[in-house]
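Everything on this sheet refers to the single structure shown next.
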Amino acid sequence: MKKSTMLIATMLAAFTMVASACGSDNNGGNNKASTEPSQEPAATTEATPTPEAKDVTLSLRHTQIKETSKNRLKILEDVVKKTQDENPGLTFKLEGIDEVVNRDQKLKAEMTAGNPPDIFEVFGGADLNLYVKAGRMLDLTPIIEELGIKDKFASLDEFTVDGKVYGLPFGGYSEGIFYNKKIFADLGLSVPTSWDQLIETADKIKAAGITPLGLAAKDGWVNGMLWNTVMERNVGIDAINKLVTGEAKWTDAGFVKGFTDYATLVNNDYFTKGALGLAYADQGAQLLSGKAAMVFTGSWDANRFTGDEAGDLKGQIGYFNFPSISGGAGDQTSINASYSNGFGFSANLNEDQVAMVKKFIANFYSEEIQKRTLLEDKVLPSMKLSDLSGVDPLISDVLTVMANASTSWKAYDAIVQPAVGAVVNVGLQELIGKVSKPEKVAKDIQAAQDKANAATK
């Protein structure tokens with residue numbers, strides 16, 4: 001289990017530490033022979049021929065295909081170009097693909113067949129553990145030690161298996177509620193700090209003809225974000241970890257209460273009407289258009305909420321941690337925050353490809369690129385930064401909320417087996433569609449959990 005840590009230590013304090021300078025492998029010598037006459041006869045030596053550049057190709061799959069990801073894609077493309085320019089004969093072949101398709105379909109099939117891309121985006125935690133167990137992931141431990149960057153990451157927990165590192169996060173995140181400050185001010189609302197206050201706030205927003213919580217529920221993982229925090233507030237992260245050992249069950253009273261609380265938000269009609277037919281991009285659009293007063297999502301959406309699309313709402317979007325739930329067994333001031341999105345590398349790479357992978361890692365995982373990620377894409381850096389100047393006010397809000405959180409924990413789908421996560425997604429959609437009850441959803445998920453647990457014994 002990933003230990004919970006004070007976020008002020010893992011995020012703000014980590015970012016402000018002065019990063020040690022990396023050593024350079026570049027040779028600054030000049031090999032040109034002097035044309036000046038020598039005072040003494042020079043020793044006769046045969047010049048060492050410069051090795052010819054080897055042709056090396058690396059396939060690289062990314063998920064930066066949306067308009068909101070254009071800054072992130074530009075950063076990646078810049079790193080790719082720099083690495084190619086520095087290494088004649090090296091060619092990257094980039095492939096962009098939808099994130100859900102990559103994670104839930106294509107990458108899984110490729111891992112089963114043993115032919116993943118050379119470099120690919122991957123989630124840490126449960127996904128990574130399966131791929132490591134299958135022998136598909138390149139062990140990066142000696143590479144990051146050689147490059148001197150192992151200790152520069154804020155956390156490698158979700159990419160570490162049995163003490164070895166098999167992936168590198170390219171950014172961090174936290175999940176909470178982004179809200180329209182203007183709507184709150186017009187309605188005389190304050191940021192809710194308890195479940196009861198959240199219900200009261202949502203009722204007032206609904207009475208004003210505004211959707212309290214924007215939601216686009218077509219993609220199952222989107223629904224899991226808010227629900228995950230509701231569940232953690234009710235049962236605690238330890239109980240979620242115990243699901244995979246059989247020490248806890250989805251049908252336990254605390255878990256059923258978590259589903260029931262989520263169903264309350266559904267049954268009170270706080271979510272967007274017709275949410276099941278809406279794709280993820282529509283969720284943020286609801287907040288920026290003023291149709292929804294709040295949206296529960298990840299800090300990665302801060303880029304959208306501070307960009308041109310925000311229009312008159314630039315500077316009018318705030319961020320707060322999900323309220324506490326009275327009587328819950330979880331840490332009521334904790335936050336879902338982690339470093340789970342990153343790059344993995346195929347175990348099939350040959351020696352020449354591994355050498356070029358080192359060059360890519362050295363260029364991508366640098367303070368310069370991490371700072372660009374923070375400023376241009378509003379993604380929390382995964383490495384410690386010595387300079388935080390120029391940070392957007394909304395990002396400052398996110399960092400402040402994270403600093404005030406008591407502990408952090410990783411998402412449920414980085415803990416339970418992927419097959420179980422898929423059934424959770426279906427169950428939440430059934431609740432949103434009002435076609436199932438909390439007890440039935442819990443029972444169905446537990447059946448999937450029993451099957452997944454049995455398969456790992």
Side-chain angles (χ1 to χ4, degrees), residues 63-70 72 96-105 173 175-180 182-183 198 201-203 205-231 259 261-311 313 316-317 319 322 336 341 378 411-413 421-436 438 441:
T63 63
Q64 315 313 320
I65 62 173
K66 300 175 182 177
E67 178 66 18
T68 53
S69 301
K70 63 182 181 180
R72 196 175 314 173
I97 189 173
D98 178 78
E99 181 179 10
V100 176
V101 172
N102 178 60
R103 181 181 185 185
D104 294 340
Q105 300 174 28
Y173 75 89
E175 292 180 359
I177 297 179
F178 289 88
Y179 71 104
N180 185 318
K182 186 177 185 304
I183 290 177
L198 178 65
T201 298
D203 283 337
I205 294 170
K206 180 182 172 184
I210 302 170
T211 299
L213 286 161
L215 179 64
K218 183 177 180 180
D219 299 318
W221 67 270
V222 180
N223 314 315
M225 288 189 287
L226 189 155
W227 163 83
N228 196 171
T229 296
V230 170
M231 187 61 76
F259 286 114
D261 283 347
Y262 187 81
T264 295
L265 301 178
V266 173
N267 296 331
N268 285 1
D269 294 323
Y270 294 154
F271 290 135
T272 307
K273 291 182 179 179
L276 287 172
L278 301 176
Y280 174 64
D282 190 75
Q283 183 167 280
Q286 295 170 41
L287 179 68
L288 294 177
S289 66
K291 294 179 180 178
M294 299 178 286
V295 161
F296 190 102
T297 188
S299 56
W300 55 82
D301 271 336
N303 183 40
R304 185 180 187 185
F305 299 153
T306 58
D308 293 339
E309 187 182 354
L313 284 181
Q316 291 296 314
I317 303 295
Y319 181 79
F322 193 84
N336 180 0
N341 290 32
K378 309 302 186 295
Y412 77 97
D413 57 356
V423 180
V424 171
N425 290 344
V426 172
L428 294 179
Q429 289 176 325
E430 289 178 348
L431 290 179
I432 292 168
K434 301 179 182 179
V435 297
S436 191
V441 169

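Sequence positions, counted from 1, serve as the residue numbers for this chain.
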What distance separates Asn341 CG from Glu99 CD, expressed to the nearest 0.5 Å? 6.0 Å

Can you tell me how the ring of Tyr412 sits relative to the ring of Trp227, calling it parallel under 30°, perpendicular over 60° and tilted otherwise? perpendicular

Roughly how far, to the nearest 0.5 Å, is CD of Gln286 from CD1 of Ile210? 13.0 Å

Between the main-chain N or O of Ala216 and the side-chain N or O of Gln283, is there a donor-acceptor pair closer than 3.5 Å? yes

Walk me through it: do Val435 and Glu430 pass the test side chain to side chain contact (heavy atoms under 4.5 Å, CB included)? CA-CA 5 Å; Val435 297; Glu430 289 178 348; 3.8 Å; yes

Is the shortest heavy-atom distance from the side chain of Phe322 to the side chain of Leu198 under 4.5 Å? yes

In the structure I gave you, are the side-chain heavy atoms of Ile205 and Met294 within less than 4.5 Å of one another anywhere? yes

Smallest heavy-atom separation, Pro212 atom then Asp269 atom, equals CD-O, 4.5 Å

Please check if the distance between the ring centroids of Tyr262 and Phe271 is under 6.0 Å. yes

Tell me if a side-chain donor or acceptor on Thr272 pairs with a main-chain N or O of Leu215 at a distance below 3.5 Å. yes

Whether Tyr280 and Trp221 hold their rings parallel, tilted or perpendicular, with breakpoints at 30° and 60°: tilted

Please step through side-chain hydrogen bond (donor to acceptor under 3.5 Å, both in side chains) for the pair Gln429 and Asn425, ending with a clear verdict. CA-CA 6 Å; Gln429 289 176 325; Asn425 290 344; over 6 Å; no

State the CG-OG1 distance between Asp203 and Thr201, to the nearest 0.5 angstrom. 9.0 Å

Pair Phe259-Leu428, side chain to side chain contact (heavy atoms under 4.5 Å, CB included): steps then yes or no: CA-CA 8 Å; Phe259 286 114; Leu428 294 179; 4.3 Å; yes

Are any non-hydrogen side-chain atoms of Leu288 and Arg304 less than 4.5 angstrom apart? yes

Rounded to the nearest 0.5 angstrom, the NZ-CD1 distance for Lys291 and Ile183 is 12.5 Å

Are any side-chain N or O atoms of Asn268 and backbone N or O atoms of Tyr270, one a donor and one an acceptor, separated by less than 3.5 Å? no

Residues Lys182 and Gln316: closest non-hydrogen pair is N-OE1, 3.8 Å

How long is the gap from CG on Asp301 to OH on Tyr173, to the nearest 0.5 Å? 13.5 Å

For Leu313 versus Leu287, what's the shortest heavy-atom pair and its separation? CD1-O, 3.7 Å

For the residue pair Val266 and Ile432, what are the closest heavy atoms and their distance? CG1-O, 3.8 Å

Least distance between heavy atoms, Tyr319 atom then Tyr179 atom: N-CE2, 3.4 Å

Could you report the tightest heavy-atom contact between Val441 and Ser436, atom names first, then the distance? CG2-OG, 3.6 Å

Under the rule for side-chain contact (heavy atoms from CB on, under 4.5 Å), what residues qualify as partners of Asn267, not counting sequence neighbours? Ala263, Lys434

Partner of Glu175 under side-chain hydrogen bond (donor to acceptor under 3.5 Å, both in side chains), chosen from Thr297, Thr229, Asn336: Asn336

Within this structure, what is the CD1-OG1 distance for the pair Ile317 and Thr306, rounded to the nearest 0.5 Å? 10.0 Å

